[in-house]
**Q** 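What follows is a structure written as structure tokens; I'll ask about it next.
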Amino acid sequence: MSTTPACPQCTLENTYPDGANFVCGDCGFEWPQAETAATGEDEDAVVKDSNGQVLKDGDAVVLIKDLKVKGSSTVLKMGTKVKSIRLVGGDHEVDCKMDGGSFMLKACFLKKA
Ligand SMILES: [Zn+2]
């Protein structure tokens, strides 16, 4: 490994790895290597539907099974069409608005319409 990132504090590139950290030779700033490597990984995670199609904000989707809404007696029926989804992070990746309100759904129970 011959490349180290520029120092986040002084932006100079006189840096070197030291154990689990990078160290800046100019200002002495130390920061963990792991944090640098992980940056941006999660934010660009691709959300795919049950067929492996990539979903985007504004896509229309159809439910492929009945889904109980957590904390209520509402059941979203299989075949229900959702006009415009919004992708969010986390366990339930898809946020959508329907007649009954706003719901968080798992992409694996949806297919692109
Ligand atoms: Zn520095």
Side-chain angles (χ1 to χ4, degrees):
M1 295 283 271
S2 59
T3 53
T4 53
C7 173
Q9 182 151 287
C10 68
T11 72
L12 295 177
E13 290 178 11
N14 184 20
T15 59
Y16 55 91
D18 179 24
N21 291 340
F22 287 118
V23 179
C24 175
D26 285 293
C27 70
F29 187 68
E30 292 186 29
W31 68 102
Q33 295 190 30
E35 194 175 289
T36 306
T39 299
E41 283 280 321
D42 289 342
E43 289 168 25
D44 294 313
V46 173
V47 176
K48 289 179 181 170
D49 72 0
S50 57
N51 292 324
Q53 292 231 57
V54 176
L55 297 174
K56 299 191 300 288
D57 282 357
D59 275 352
V61 296
V62 174
L63 271 57
I64 60 166
K65 61 172 280 187
D66 289 356
L67 295 177
K68 277 207 184 96
V69 179
K70 228 181 185 176
S72 82
S73 58
T74 308
V75 176
L76 304 175
K77 291 283 181 201
M78 185 177 89
T80 301
K81 194 169 175 184
V82 182
K83 274 185 203 148
S84 182
I85 61 168
R86 197 167 63 86
L87 298 183
V88 293
D91 184 34
H92 291 61
E93 309 95 335
V94 179
D95 183 19
C96 65
K97 285 195 169 54
M98 286 186 253
D99 293 342
S102 176
F103 303 101
M104 301 290 288
L105 304 174
K106 281 180 177 284
C108 59
F109 297 138
L110 306 171
K111 88 177 169 186
K112 207 164 170 174

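Source: prediction; values computed, not measured. Position 1 is the first residue of the sequence; numbering continues from there.
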**Q** Can you find a heavy atom in the side chain of Leu76 that is under 4.5 Å from one in the side chain of Asp66?
**A**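 No, every pair of side-chain atoms sits at 4.5 Å or beyond.
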
**Q** Counting only heavy atoms from other residues, nucleotides and ligands, does the tally under 6.0 Å from CE of Met98 exceed 12?
**A**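 It does: Met98 CE has more than 12 such atoms within range.
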
**Q** Please find the pair of heavy atoms, one from Leu87 and one from Val94, that lie closest to each other, and give the distance.
**A**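 Heavy atoms only, the tightest pair is CD2-CG2, 3.9 Å.
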
**Q** Distance from Lys68 atom NZ to Thr74 atom OG1, nearest 0.5 Å?
**A**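 OG1 of Thr74 is found 11.5 Å from NZ of Lys68.
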
**Q** For the residue pair Gly19 and Gln33, what are the closest heavy atoms and their distance?
**A**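 Closest approach of Gly19 to Gln33: O-NE2, 3.1 Å.
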
**Q** Taking C-beta and beyond as the side chain, do Val61 and Asp49 meet within less than 4.5 Å on heavy atoms?
**A**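 No, too far: nothing below the 4.5 Å cut-off.
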
**Q** Between NZ of Lys106 and NE2 of His92, what distance do you get to the nearest 0.5 Å?
**A**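 Rounded to the nearest 0.5 Å, the NZ-NE2 separation comes out at 5.0 Å.
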
**Q** CG of Asn21 to CZ of Phe29: how many Å apart, nearest 0.5 Å?
**A**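 If I round to the nearest 0.5 Å, the distance is 9.5 Å.
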
**Q** Any idea which heavy atoms bring Cys108 and Ile64 closest together, and the distance?
**A**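 Where Cys108 meets Ile64 most closely, the heavy atoms are O-CD1, 3.6 Å.
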
**Q** Would you compute the distance between atom CG of Leu63 and atom NZ of Lys77 and round it to the nearest 0.5 angstrom?
**A**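 So the CG of Leu63 and the NZ of Lys77 are separated by 11.5 Å.
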
**Q** Closest approach of Val54 and Asp59, non-hydrogen atoms and distance?
**A**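 Minimum heavy-atom contact is O-OD2, 4.0 Å.
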
**Q** When you compare the side chain of Ile85 with that of Leu105, does any pair of heavy atoms fall below 4.5 Å?
**A**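 Sidechains of Ile85 and Leu105: no contact.
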
**Q** Taking C-beta and beyond as the side chain, do Lys48 and Glu93 meet within less than 4.5 Å on heavy atoms?
**A**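 They are not in side-chain contact.
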
**Q** I'd like to check Phe22 versus Cys7 (side-chain heavy atoms, cut-off strictly below 4.5 Å). Are they in contact?
**A**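 Not touching, per the 4.5 Å side-chain cut-off.
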
**Q** Say you draw a straight line from CG of Asp26 to SG of Cys10; how long is it, rounded to the nearest 0.5 Å?
**A**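 Between Asp26 CG and Cys10 SG, I get 5.5 Å after rounding to 0.5 Å.
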
**Q** Answer yes if Phe103 and Val82 sit in the same cluster of Ile, Leu, Val, Met, Phe, Trp and Tyr residues linked by side chain heavy atoms under 4.5 Å apart, and no otherwise.
**A**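 Yes, same cluster.
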
**Q** For a quick test of reading the model, state the closest non-hydrogen atom pair linking Ala107 to Val47 and the distance between them.
**A**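 Nearest pair, atom of Ala107 first, then Val47: CB-CG1, 3.4 Å.
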
**Q** So do the side chains of Val75 and Leu67 get within less than 4.5 Å of each other, counting heavy atoms only?
**A**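 In short, these two side chains do not touch, never coming nearer than 4.5 Å.
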
**Q** Could you report the tightest heavy-atom contact between Pro5 and Thr15, atom names first, then the distance?
**A**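 For Pro5 versus Thr15, the nearest heavy atoms are O-OG1, 2.9 Å.
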
**Q** Which value, rounded to the nearest 0.5 Å, describes the distance between Arg86 atom CZ and Lys97 atom NZ?
**A**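 Going from CZ on Arg86 over to NZ on Lys97, the span is 6.5 Å.
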
